[in-house]
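Down below is the structure, laid out as structure tokens.
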2 protein chains.
Amino acid sequence: MAQQGRRRHVSITDVAAQAGVSITTVSHVLSGQRPVSAATTAKVRQVIAELGYEPNQLARGLRLQRTNTVALVIPDITNPFYPLIARGLQNVLGPAGMQVLVTSTDADPAAEDAAVQQMITRRVDGLAFAGYQADHRRVTAAAEVGIPVVLLGGRTARPGIDVVSADDVAGGEIATEYLITRAYRRIAFITGAERVGSPANRVLGYRHALRAAGMPYSARLVVREEISRDGGARAMARLLSLRQAPDAVLCTNDVTALGALDAAKDAGLRVPRDVAVMGFDDIEIAALTTPALTTVSIRPLEQGEAIGRLLLGRLDGSAPRAAQRILFDPAVVPRESA
Amino acid sequence: MAQQGRRRHVSITDVAAQAGVSITTVSHVLSGQRPVSAATTAKVRQVIAELGYEPNQLARGLRLQRTNTVALVIPDITNPFYPLIARGLQNVLGPAGMQVLVTSTDADPAAEDAAVQQMITRRVDGLAFAGYQADHRRVTAAAEVGIPVVLLGGRTARPGIDVVSADDVAGGEIATEYLITRAYRRIAFITGAERVGSPANRVLGYRHALRAAGMPYSARLVVREEISRDGGARAMARLLSLRQAPDAVLCTNDVTALGALDAAKDAGLRVPRDVAVMGFDDIEIAALTTPALTTVSIRPLEQGEAIGRLLLGRLDGSAPRAAQRILFDPAVVPRESA
DNA sequence: CTGTTAGCGCATTCAG
DNA sequence: CTGAATGCGCTAACAG
């Protein structure tokens with residue numbers, strides 16, 4: 001009955017006793033931090049194998065003040081954008097012996113707060129945080145206590161905190177310009193409730209582009225909703241019921257755009273003939289919808305890798321003092337929906 | 001410069017000193033394990049707030065022999081099936097104060113091995129493992145050392161190890177029966193390389209259904225490939241080049257089916273008129289392809305939650321001694337591709 | 001080349 | 001109602 005095997009974890013003391021040496025010696029054959037004779041090394045290794053000894057990282061962490069763990073706090077692991085971030089992170093952290101602790105917060109401020117606190121409590125070596133709220137006291141607290149933090153998404157830089165993001169303002173601009181070029185004249189934007197972060201910056205780019213094109217900006221064409229497929233559908237429904245409905249709708253991300261597509265379909269409208277829909281992120285699913293979703297690519301896997309590199313740089317001290325801000329150039333991916 | 005703020009984490013000792021009490025007392029106001037006078041309680045709480053004290057979970061874990069962490073070892077977080085598992089897990093574990101450590105292994109045996117070892121080393125309280133290989137020595141090792149393990153996917157039960165899975169044999173059967181009902185007569189199967197686990201069981205169900213229908217089974221119609229979109233495309237290409245090509249293709253999962261769809265398109269074939277394609281898992285994307293993918297639903301979110309409940313049950317000792325095996329009934333989701 | 005010891009931060013037994 | 005002391009498992013001075 002393996003499950004009952006309370007056969008206690010074997011400790012370094014057990015190994016030392018069995019091998020007839022001190023725990024120091026065992027520690028050193030493991031770490032190579034100081035020379036150990038071939039004979040003892042062999043003996044110790046043999047005992048380790050026999051006993052199936054696995055060093056306790058908790059103890060090691062307590063002693064070394066380092067957990068080899070990085071936290072990834074995101075809105076929703078179920079949004080295909082984030083698994084790519086997670087994968088990119090692991091791709092660079094894994095080879096360095098680090099692991100990733102993931103938490104989904106549904107962008108709920110209280111949940112974000114709790115998650116970050118949990119992570120501090122666990123003494124993670126680094127924190128990657130993607131949130132949509134303006135004020136991150138807990139995140140600041142993490143940074144202040146010496147945990148390297150990198151913010152994911154285009155919020156304004158904070159002193160001493162690195163940021164990895166798509167260039168959201170530019171993204172909003174090129175997306176809008178693309179639509180303008182395609183002769184759309186009444187362009188709406190579906191975004192999140194918060195006035196900061198990636199969604200807000202994308203809206204900013206959208207406004208820039210409108211202004212540059214000499215087109216009017218109308219606040220009622222910017223609808224703020226929960227960032228999810230359902231939220232996108234609700235927002236779209238609202239836009240379609242406007243007396244002056246838009247002829248094109250830009251969505252803060254692809255998941256939201258999916259919902260917009262749902263709503264257009266429900267309303268019996270054809271995309272893009274009746275309304276154009278455009279997303280953001282270029283998740284895999286975007287290429288497979290009907291019509292295929294025109295969107296903006298922001299290379300999430302590479303963003304995840306960049307986060308990992310930033311964190312490693314902070315940890316080994318090889319990074320410059322100043323906060324870094326890595327922006328990924330967005331690119332329109334023209335498909336069928338706009 | 002927050003990032004530089006090496007302002008050491010404050011410890012229970014700091015709090016005790018500042019509050020003019022012993023660490024024992026601080027510990028007890030936090031745990032409520034024994035009565036503390038209202039006055040001291042207030043004082044201690046105040047100091048905790050002032051100093052921003054966060055108990056160190058590493059130390060607590062070392063002392064308590066419990067980390068409140070569960071490992072999730074999966075092939076690929078980028079496959080939309082697994083984020084749902086992860087989410088389900090977190091849904092039940094989160095309220096219990098536990099966190100999830102995720103690792104993608106690409107189904108590589110060496111990586112799986114390393115991941116599980118890492119997890120043992122970190123003294124996770126539980127391990128959820130989804131792998132495609134037959135032999136999991138390291139997983140067995142984890143169970144033997146007292147870590148509750150639950151296997152995800154339909155491999156044969158092991159003594160004392162819980163399993164959560166879709167009923168893969170049944171799934172293979174109903175999928176095949178569905179195709180037979182729709183008058184397909186030459187049904188192929190694209191699966192993974194390993195001869196165990198979910199993919200193998202699905203093939204088993206497929207064979208059962210063929211036999212029950214009095215239809216011949218042909219080994220050359222079962223192609224083993226890497227389980228990925230590209231792998232699915234390669235396998236499909238191979239099947240289509242057969243002198244006697246199949247009129248329907250069952251894929252071990254939706255991601256693979258996506259690849260099969262790609263290959264059919266490349267070959268200029270129409271689905272389902274020229275070849276039918278059917279997947280497994282019912283990931284979100286399946287409803288959005290053109291043609292929409294007919295597939296088998298296996299409720300991943302609920303599977304993740306079941307895993308969480310199983311693990312919690314083992315941890316609080318409320319679970320029965322015997323290994324449990326929770327099977328989720330699969331259901332065909334008819335759409336357009338078959 | 002090897003061993004003794006202190007201490008990382010905390011929960012808990014034992015003793016007031 | 002409160003404290004002192006021990007040990008969880010490990011690394012790194014310090015001392016041969």
Side-chain angles (χ1 to χ4, degrees), chain A residues 6-45 47-48 51-69 97 120-125 145-146, chain B residues 6-45 47-48 51-69 97 120-125 145-146:
Chain A
R6 289 272 157 267
R7 207 182 73 188
R8 192 178 58 85
H9 286 283
V10 358
S11 81
I12 197 173
T13 311
D14 302 326
V15 174
Q18 182 74 21
V21 299
S22 74
I23 62 170
T24 305
T25 297
V26 175
S27 175
H28 284 300
V29 346
L30 251 26
S31 69
Q33 286 296 66
R34 85 183 186 189
V36 178
S37 80
T40 23
T41 298
K43 176 63 177 168
V44 168
R45 287 204 188 291
V47 171
I48 286 178
L51 267 42
Y53 168 65
E54 301 282 3
N56 183 329
Q57 293 294 345
L58 278 187
R60 203 191 290 242
L62 185 58
R63 179 61 232 250
L64 261 28
Q65 304 286 10
R66 165 150 191 164
T67 52
N68 290 317
T69 306
I120 293 178
T121 257
R122 286 162 182 272
R123 301 297 189 262
V124 294
D125 294 334
V145 92
Chain B
R6 286 274 156 269
R7 208 183 72 190
R8 195 177 57 84
H9 286 282
V10 0
S11 81
I12 195 172
T13 311
D14 302 326
V15 175
Q18 182 74 22
V21 299
S22 72
I23 63 168
T24 306
T25 296
V26 176
S27 176
H28 285 300
V29 347
L30 251 27
S31 69
Q33 285 297 68
R34 89 183 181 187
V36 177
S37 80
T40 25
T41 298
K43 176 64 177 167
V44 168
R45 288 204 188 292
V47 172
I48 286 179
L51 267 43
Y53 168 64
E54 302 283 4
N56 183 329
Q57 293 294 344
L58 277 186
R60 199 188 289 233
L62 184 58
R63 177 64 230 254
L64 261 28
Q65 304 285 9
R66 166 150 189 166
T67 52
N68 290 317
T69 308
I120 293 179
T121 256
R122 284 162 183 274
R123 302 296 190 264
V124 294
D125 294 334
V145 93

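Residue numbering restarts at 1 for every chain, and letters A, B, ... go by the order of the sequence lines.
Residue pairs meeting the side chain to side chain donor-acceptor pair (under 3.5 Å) criterion with at least one partner in residues 33-45 of chain B, sequence neighbours excluded, are S37(B)-T40(B).
One end of the helix from dC1(C)-dG16(D) to dG16(C)-dC1(D) points its axis 50° away from the other end's axis, with each axis taken from 5 pairs and the angle rounded to 10°.
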Considering only distance and modelled atom types, tabulate donor-acceptor pairs under 3.5 Å from the side chains of residues 52-64 of chain B, sequence neighbours left out.
{"unit_1": "E54(B)", "atom_1": "OE1", "unit_2": "Q117(A)", "atom_2": "NE2", "d": "3.1"}
{"unit_1": "N56(B)", "atom_1": "OD1", "unit_2": "L58(B)", "atom_2": "N", "d": "2.7"}
{"unit_1": "N56(B)", "atom_1": "OD1", "unit_2": "A59(B)", "atom_2": "N", "d": "3.2"}

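An OP1 or OP2 oxygen of dG3(D) is reached within less than 4.0 angstrom by a side-chain nitrogen or oxygen of S22(B).
Counting all heavy atoms, side chain and backbone alike, S22(B) lies closest to A16(B) at C-CB, 3.7 Å. Nearest approach of G97(A) to N68(A), heavy atoms of both residues: O-CB, 3.8 Å. Of all heavy-atom pairs between I12(B) and V26(B), the closest is CG1-CG1, 3.5 Å. Residues V44(B) and V21(B) share a closest heavy-atom pair of CG2-CG2, 4.1 Å.
Of the two residues near DNA chain D, T24(B) and V26(A), the one whose nearest nucleotide lies more 5' is T24(B).
Contacts between residues 32-39 of chain A and DNA chain C, defined by a heavy-atom separation under 4.0 Å, are made by R34(A), P35(A), V36(A), S37(A). Only Y53(B), P55(B), N56(B), A59(B), R60(B), listed by number, bring a heavy atom of residues 52-62 of chain B to less than 4.0 angstrom from any atom of DNA chain C.
No side-chain heavy atom of T69(A) sits under 4.5 Å from any side-chain heavy atom of R123(A). Put simply, the side chain of T25(A) reaches to within 4.5 Å of the side chain of V36(A), judged on heavy atoms. In this structure, the side chains of S27(A) and L30(A) stay at 4.5 Å or more apart for every pair of heavy atoms.
One interatomic measurement links the two molecules: CG of L30(A) to P of dA12(D), which rounds to 12 Å at whole-angstrom precision. Distance I12(B) CD1 to dG3(D) P: 12 Å, rounded to the nearest Å. A straight line from CD1 of I23(B) to C1' of dT6(D) spans 11 Å, rounded to a whole angstrom. Between H28(A) atom NE2 and dA12(D) atom C1' the separation is 7 Å, expressed in whole Å. Here the P atom of nucleotide dT2(D) and the NZ atom of K43(B) are 14 Å apart, to the nearest Å.
When heavy atoms are screened at a 4.0 angstrom cut-off, T25(A) is found touching the sugar-phosphate backbone but no base atom. Contacts of S11(A) with the nucleic acid, taken as non-hydrogen atoms under 4.0 Å apart, involve only primed sugar atoms and P, OP1 or OP2. Counting non-hydrogen atoms under 4.0 angstrom, S31(B) reaches nothing in the nucleic acid.
Chain B approaches DNA chain C over the interval dG9(C) to dC14(C), counting the first and last nucleotide 5' to 3' with an atom under 4.0 Å from its heavy atoms.
Between atom OG1 of residue T67(A) and atom CG of residue D125(A) there is a gap of 3.5 Å, rounded to the nearest 0.5 Å.
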